[in-house]
2 protein chains.
Amino acid sequence: MSLSELKETLTAKGLKITPQRLALLEALENNQHPTADNIIGYIRQNHPNIAIGTVYKTLETFVEKGIIKKVKTEKDVMRYDAITDNHHHLYCSESDRIEDYFDEELNQLLTSYFAQKQIPGFQIEDVKLQILGKFKNEN
Amino acid sequence: MSLSELKETLTAKGLKITPQRLALLEALENNQHPTADNIIGYIRQNHPNIAIGTVYKTLETFVEKGIIKKVKTEKDVMRYDAITDNHHHLYCSESDRIEDYFDEELNQLLTSYFAQKQIPGFQIEDVKLQILGKFKNEN
DNA sequence: TTCTTAAACAAGAATTATTCTCATATAAGA
DNA sequence: TCTTATATGAGAATAATTCTTGTTTAAGAA
């Protein structure tokens, strides 16, 4: 995203434009499913004084505004996902690697399945797959 | 589960039978997707001296042995699931409630879908749905 | 049954991720 | 340029989890 697009992302959500928030957005674009710590390390390369609290606070703000999402994991470190389109996640069973998985055919299959089959006492808002397995290539 | 079944669960995995481990198993049977803290509170009703570290250590052991599983969440408290059969999870979008969802038809649909459609560079081991939404009834 | 020993436990200290506090700085509209 | 609500930096505080150490105990051997 260009600088002006990053700024537009913020103003569209009613957020002030600050260097820290722009750095966060840029970091989120360039790191896949990062932890807060990943982001801090990345940002401090160019912006050494950013405070840890600011990063956490800003991530929280972005989640509230729907700019990013939290990723569910079995670890006690939170991870974030800058992509908010409907997609699924591939979880490595041997490491902490997580990749996005886009599959429109699957989305439609799920949509039609749950359109026809209700879950008693539950109103579905979103369905996501956690696909556990092994990546064949290193990365 | 009867006491002898609980004991068999442990010996089958090569674990020594201890009162603490039996209490853990019983707590896990009677609490849905509990946190470590939930379990400690439950066990201390009858077993006031169990140490927090023992609960964490034992949960870790049970996960390693496949007796229970960790449940992925967006919170920084771990939750556990005593049911290791293939099933999915319903996550409440407004609270921390999580329920199990069993659907054999869905499992077969997913199995046949991924039998036919490979994910490039990825070997699937397990597929689980995270179903986000609202519970209609309180509980 | 008693003995032996590796494994498990209790208690509390240590660690780590995250949140909070508050004084200062700054974005954005007037 | 001024004003003010909001954001930030720095570091303290918190909460979940892990680690350490001395003691106890389960389970097989004698």
Side-chain angles (χ1 to χ4, degrees), chain A residues 3-4 6-27 31 33-44 46-65 67-68 70-80 96, chain B residues 3-4 6-25 27 33-44 46-65 67-68 70-80 96:
Chain A
L3 181 58
S4 61
L6 295 180
K7 289 183 178 177
E8 174 56 20
T9 301
L10 295 175
T11 50
K13 299 290 183 176
L15 296 174
K16 285 186 185 172
I17 296 166
T18 70
Q20 291 84 351
R21 284 174 176 169
L22 293 171
L24 257 287
L25 287 178
E26 199 254 323
N31 291 275
H33 313 107
T35 63
D37 204 54
N38 295 152
I39 292 171
I40 292 163
Y42 181 89
I43 293 180
R44 284 198 169 162
N46 298 312
H47 205 297
N49 300 322
I50 194 166
I52 291 172
T54 301
V55 172
Y56 278 101
K57 189 70 185 357
T58 305
L59 288 169
E60 186 188 313
T61 304
F62 286 179
V63 170
E64 279 167 11
K65 296 293 185 180
I67 297 171
I68 61 174
K70 292 182 174 184
V71 179
K72 293 181 175 66
T73 74
E74 291 173 0
K75 297 299 179 64
D76 62 354
V77 280
M78 189 55 60
R79 297 178 66 169
Y80 299 89
D96 293 337
Chain B
L3 180 58
S4 60
L6 295 180
K7 289 183 178 179
E8 175 55 22
T9 301
L10 295 175
T11 50
K13 300 291 183 177
L15 297 174
K16 284 187 186 172
I17 296 166
T18 70
Q20 291 85 351
R21 284 176 175 167
L22 292 171
L24 257 287
L25 287 178
H33 312 108
T35 63
D37 204 54
N38 295 151
I39 290 171
I40 293 163
Y42 181 89
I43 293 180
R44 285 198 168 162
N46 297 312
H47 205 298
N49 300 322
I50 195 167
I52 292 173
T54 300
V55 172
Y56 279 102
K57 188 68 184 357
T58 304
L59 288 169
E60 186 187 313
T61 304
F62 286 179
V63 170
E64 279 168 10
K65 296 292 184 179
I67 297 171
I68 61 175
K70 292 183 173 183
V71 179
K72 294 182 175 63
T73 74
E74 291 173 1
K75 298 298 180 65
D76 62 353
V77 281
M78 189 55 60
R79 297 178 66 168
Y80 298 88
D96 293 338

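The chains referred to below are lettered A, B, ... by the order of the sequence lines, with proteins before strands, and numbering in each begins at 1. Note that this is a predicted model, so its numbers are computed, not measured. Heavy atoms only: backbone and side chains are in, while hydrogens, waters and symmetry mates are out.
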5'-most by nearest nucleotide on DNA chain C - G14(B) or D76(B) | G14(B)

Set out, line by line, the N/O atom pairs under 3.5 Å between protein and nucleotides 9-13 of chain C.
| from | atom 1 | to | atom 2 | distance (Å) |
| --- | --- | --- | --- | --- |
| dC9(C) | OP1 | T18(B) | OG1 | 2.6 |
| dC9(C) | OP1 | Q20(B) | OE1 | 3.3 |
| dC9(C) | O3' | Q20(B) | NE2 | 2.8 |
| dA10(C) | OP1 | Q20(B) | NE2 | 3.2 |
| dA10(C) | OP2 | A51(B) | N | 3.1 |
| dA10(C) | OP2 | T54(B) | OG1 | 2.7 |
| dA11(C) | OP2 | N49(B) | O | 3.4 |

How far apart are the C-alpha atoms of E74(A) and D96(A), what are their side-chain angles, what is the distance that settles it, and do they pass the side chain to side chain contact (heavy atoms under 4.5 Å, CB included) test?
-> CA-CA 10 Å; E74(A) 291 173 0; D96(A) 293 337; over 6 Å; no

Per the end-axis method with five pairs at each terminus, what is the bend angle of the helix from dT1(C)-dA30(D) to dA30(C)-dT1(D), to 10°?
-> 30°

Nucleotide dT19(C), atom P - distance to CD1 of I40(A) in whole Å = 12 Å

Backbone of G14(A) reached by a side-chain donor or acceptor of T11(A) within 3.5 Å = no

Would you confirm whether K70(B), through its side chain, and Y80(B), through its main-chain N or O, come within 3.5 Å as a donor-acceptor pair?
-> no

Between the CG atom in L6(B) and the CD1 atom in I17(B), the distance rounded to the nearest 0.5 Å is 10.0 Å

Where is the tightest heavy-atom contact between T73(B) and V77(B), given as atom of each residue plus distance?
-> OG1-O, 3.8 Å

Among side-chain atoms of T61(B) and E64(B), is any donor-acceptor pair under 3.5 angstrom?
-> no

Is the backbone of K65(B) close enough, under 3.5 Å, to the side chain of K13(B) for a donor and an acceptor to pair up by distance?
-> yes

Looking only at atom types and distance, does a side-chain atom of R79(A) sit under 3.5 Å from a main-chain N or O of A36(A), one as donor and one as acceptor?
-> no

If only atom types and distance count, is the side chain of R21(A) paired as donor or acceptor with the main-chain N or O of K16(A) below 3.5 Å?
-> yes

Once you round it to whole Å, what is the distance between P of dA7(C) and NZ of K65(B)?
-> 11 Å

Start with the C-alpha distance between L24(B) and T54(B), add both sets of side-chain angles, then the distance that settles side chain to side chain contact (heavy atoms under 4.5 Å, CB included), and finish with yes or no.
-> CA-CA 10 Å; L24(B) 257 287; T54(B) 300; 5.8 Å; no

Apply side chain to side chain contact (heavy atoms under 4.5 Å, CB included) to the pair I67(B) and L25(B), showing each step before the final yes or no.
-> CA-CA 9 Å; I67(B) 297 171; L25(B) 287 178; 4.0 Å; yes

Using atom OH of Y56(A) as one end and atom C1' of dC20(C) as the other, report the distance to the nearest whole Å.
-> 14 Å

Assert: residue with more 5' nearest nucleotide on DNA chain D, out of K70(B) and K16(B), is K70(B)

Where does the chain B footprint on DNA chain D start and end, counting 5' to 3' with a 4.0 Å heavy-atom cut-off?
-> dA16(D) to dA27(D)

